[in-house]
Novice: 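Attaching a single structure in structure tokens format; questions to follow.
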There are 2 protein chains.
Amino acid sequence: MIDKEFLATIDVDEAVPGKTRDALRAAHLYYMQDLTMDAIAQELHTSRSSVSRLLSHARASGLVEISIHSPLDLPSRIEHEILERFAVQAHVIPVPDHASDVDRLDRVALSAARILGRFIDSNLTVGLAWGSTMGAMSRHLVPKATHNSEIVQLNGAGNLRTTGIVYASELLRRFGDAFGARVQQFPVPAFFDDPATKQAFWRERSTQRLLDLQGRLDLALFGIGSPFAEVPSHVYQGGYLERPDYEGLSRDGAVGDVATVFYRADGSTDGISLNERATGPDFAVLRRAPRRICVVSGRAKLASLRGALAAGLITDLIVDEGTARVLVETQAG
Amino acid sequence: MIDKEFLATIDVDEAVPGKTRDALRAAHLYYMQDLTMDAIAQELHTSRSSVSRLLSHARASGLVEISIHSPLDLPSRIEHEILERFAVQAHVIPVPDHASDVDRLDRVALSAARILGRFIDSNLTVGLAWGSTMGAMSRHLVPKATHNSEIVQLNGAGNLRTTGIVYASELLRRFGDAFGARVQQFPVPAFFDDPATKQAFWRERSTQRLLDLQGRLDLALFGIGSPFAEVPSHVYQGGYLERPDYEGLSRDGAVGDVATVFYRADGSTDGISLNERATGPDFAVLRRAPRRICVVSGRAKLASLRGALAAGLITDLIVDEGTARVLVETQAG
DNA sequence: CCCACCCTTGCACATATTTTCATGCGGCTT
DNA sequence: AAGCCGCATGAAAATATGTGCAAGGGTGGG
């Protein structure tokens, strides 16, 4: 058994780089020298198909990076306006207005995944919320080698029906794999039933260690929950909350949540009773992270987004064009 | 009349950016969201063909940048060895060994042109030699917007038969256009007939101004001339030198030239009489440029390349794989 | 105002690329 | 040792992309 594992190790250390080497060479020939895949196939003594696959691999694994620069004299009007109005660096993703919400989310997530590489680097502690947006992103991450980075789960994932741990851990793992980072799971439900349980749990040393990490994030990455939107966020579908919870939120004036912590339109959180049972970090804690990236898609989340902006949670916003447009067009300043 | 010009102005200010805007959007959709050109055509209310052209435009004009990263754990062995042995950062261009010299040169020049963008920036004074290598590069430059940059011709271009100015100025212009830089021509022959003429010319104030610029380069870009190689460099084909000149070079032990200045295998230039009549900068002057990029292809130039390395002329080397391999394999280190 | 010209566009065809599918090669299990 | 994955490969089919060409629209000159 040990022998076999040893052999497997040899495999990843030698055979795979052979493939990487080929992919790298193919990429040079294709993207730098404009050869056709046919010609490359000859040079590499293989078939067109294999070259096509090699190039896909090169793109998917981040060997090839494609970036798009706006000419400096043509800055996106919308991005500029968001920067002015909210002091937030926006990345507006073009999506046609008639696209379905699912489509829209996918396309924003895909673009966001590709943009993310710019933010991730070595020696970073990255906080990660989770939800449908993060899930969609996790499927499209472009790997980037980093050292000594750490992915920290921001909020619990258990719900009434399942522990949710499988899903959340899968998501964390994908991020971890893509960036070669350690992952720190947070094995608690999304919401406790009893605030007292949470408080007790929070006193545990293992929890303390995690909370400590959350307080020292370099980067936070999250979507936004919108409890009263027509298309409820993932968190609201899976039996995490029950009718009384919703009624409470409604009564308290909540318009959205970030990592299970709810806020009002003005960004305030005090007195929203569900937060006593939430597992995500206080906004005061979250705001300690110097860079906080929020990925949002769909006009339904507009009110929630406005609240998050008011709360000062966001430093970088990745958002679909339609939503961005409404955000700046309405004179809500 | 004025009205028409006014309208035309509006056109360039609005219509052309309209195209750029479309190209940018198409690039986002294509490269970030993986839509097919067909789908993009629908979103942009145009035809597939136009999208294809839009994307070509986006690539050619530098809106889209494609770069290739070696994984850090797989650094090119050859590049690393060149760095060790010669303290020169190498960019090795893969080219099959059986490729013709013309092919090889083209492919190196194409890759070099695309790599060049990394080096060019605003507020830079760039010295440019010229020859077949630079000519080939000039046809493939990827534009990059810079401010306040300047391209300075390093050596004269006139020869016995033509003034050569048309060709050299075309080449300079292409570089200037690609980077939005001013160009400083150097309207002299490649070699003077009489050293005294050169000295007289060098005392002219207009020449002084140019020499002054050459002494303050931030970046120098040049190929290498190899007078005794089987495939003579451009400079040797066009009637720039005559038989007695070659005999002199041979007697003086010259193995190559950079911007018309010849050197021996050990990098020395003293006592090579042709240099008295050359128009390129002294190596002492050239070496003041903090970054000096040399583009070479073909094993025939190996001896010349070795000499240039010995002379310490090069900080960054762009070279084809075959030549690079021979360079490090022979124990001349 | 008309005309020649040039640039852009979309169509149809030519190429290039991706995907599917059948096959074969290890490695592992029984 | 036979049998069974799981994965990689190339041929062929299915898509996607690039390009020559003719038509249309706008522009500048007469």
Side-chain angles (χ1 to χ4, degrees), chain A residues 1-61 63-64 66 68 107 110 139-140 142 177, chain B residues 1-61 63-64 66 68 107 110 140 142:
Chain A
M1 250 340 210
I2 288 174
D3 265 352
K4 282 171 192 168
E5 285 192 3
F6 179 67
L7 287 171
T9 307
I10 295 249
D11 257 333
V12 254
D13 277 3
E14 304 248 28
V16 172
K19 178 179 175 181
T20 301
R21 203 174 287 278
D22 280 354
L24 216 43
R25 172 172 283 251
H28 268 286
L29 296 173
Y30 190 78
Y31 289 109
M32 293 287 147
Q33 296 182 25
D34 291 344
L35 300 199
T36 76
M37 294 188 181
D38 231 335
I40 298 171
Q42 287 193 275
E43 290 200 15
L44 263 55
H45 306 294
T46 181
S47 68
R48 281 201 295 277
S49 326
S50 296
V51 173
S52 171
R53 288 186 272 250
L54 231 33
L55 288 171
S56 299
H57 170 73
R59 285 185 302 260
S61 62
L63 259 42
V64 172
I66 301 184
I68 297 178
R107 289 171 65 168
L110 181 54
R139 284 191 295 278
H140 300 295
V142 179
D177 283 357
Chain B
M1 256 326 217
I2 289 174
D3 265 352
K4 281 174 193 168
E5 286 193 4
F6 178 67
L7 287 172
T9 307
I10 296 244
D11 259 335
V12 255
D13 279 2
E14 305 247 28
V16 170
K19 176 177 175 181
T20 301
R21 202 174 287 277
D22 279 354
L24 218 43
R25 170 172 282 250
H28 268 286
L29 296 172
Y30 191 78
Y31 289 108
M32 295 286 152
Q33 296 182 24
D34 291 343
L35 299 199
T36 74
M37 294 188 181
D38 234 335
I40 298 171
Q42 287 193 278
E43 291 200 15
L44 262 56
H45 306 293
T46 180
S47 68
R48 282 205 298 284
S49 334
S50 296
V51 173
S52 170
R53 286 186 271 250
L54 231 33
L55 288 171
S56 298
H57 171 71
R59 285 186 302 261
S61 62
L63 258 41
V64 172
I66 302 183
I68 297 177
R107 290 170 64 169
L110 182 53
H140 301 294
V142 180

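Lettering of chains follows the sequences in order, A, B, ..., and the numbering in each one begins at 1. Every value quoted in this text rests on a predicted model; they were computed, and no experiment measured them. The analysis underlying the following values was restricted to heavy atoms, covering all of them including side chains, and did not include hydrogens, waters or symmetry mates.
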Novice: In whole Å, what is the span from the CG atom of B/Leu54 to the C1' atom of C/dG10?
Specialist: 14 Å

Novice: For the pair made of CG in B/Asp38 and P in C/dA16, what is the distance, rounded to whole Å?
Specialist: 20 Å

Novice: So, OP1 or OP2 of D/dA16: does either fall under 4.0 Å of a side-chain N or O from B/Tyr30?
Specialist: no

Novice: Using whole Å, what does the distance between atom P of nucleotide C/dA12 and atom CZ of B/Arg48 come to?
Specialist: 10 Å

Novice: Between D/dT19, C/dT19, C/dT18, which one does the side chain of A/Met37 approach most closely?
Specialist: C/dT18

Novice: Does B/Thr46 put a side-chain nitrogen or oxygen below 4.0 Å from OP1 or OP2 of C/dG10?
Specialist: yes

Novice: Between C/dT18 and A/Arg59, is there an OP1 or OP2 to side-chain N/O distance shorter than 4.0 Å?
Specialist: yes

Novice: Hey, which sits more toward the 5' end of DNA chain C by its nearest nucleotide, A/Val51 or B/Ser47?
Specialist: B/Ser47

Novice: Quick check on D/dA16: is either OP1 or OP2 less than 4.0 Å from any side-chain nitrogen or oxygen of B/Thr36?
Specialist: no

Novice: Atom CG of A/Asp22 and atom P of D/dA8: how far apart are they, to the nearest Å?
Specialist: 13 Å

Novice: Given atom CG of B/Leu35 and atom C1' of D/dT15, what is their separation to the nearest angstrom?
Specialist: 15 Å

Novice: B/His45 has an atom NE2; how far is it from atom P of C/dT9, in whole Å?
Specialist: 15 Å

Novice: Are the side chains of B/Leu54 and B/Leu44 in touch, meaning some heavy atoms are under 4.5 Å apart?
Specialist: yes

Novice: Under the 3.5 Å rule, do the base of D/dA16 and the side chain of B/Ser52 count as making a donor-acceptor pair?
Specialist: no

Novice: In this structure, are over 12 heavy atoms from other groups packed under 6.0 Å from B/Gln33 atom CD?
Specialist: yes

Novice: In whole angstrom, what separates A/Leu55's CG from C/dT17's P?
Specialist: 9 Å

Novice: Counting any heavy atom closer than 4.0 Å, what does B/Ser49 reach on the DNA or RNA strands: base, sugar-phosphate only, or nothing?
Specialist: base

Novice: Between A/Arg107 and B/Leu29, is there a side-chain heavy-atom distance shorter than 4.5 Å?
Specialist: yes

Novice: Any non-hydrogen side-chain atom of B/Tyr31 less than 4.5 Å from a side-chain atom of B/Arg59?
Specialist: yes

Novice: Which pair of non-hydrogen atoms, one from A/Ala23 and one from A/Leu63, has the smallest distance, and what is that distance?
Specialist: CB-CD2, 3.9 Å

Novice: Could you check how far NZ of A/Lys19 sits from C1' of D/dC7, rounded to whole Å?
Specialist: 10 Å

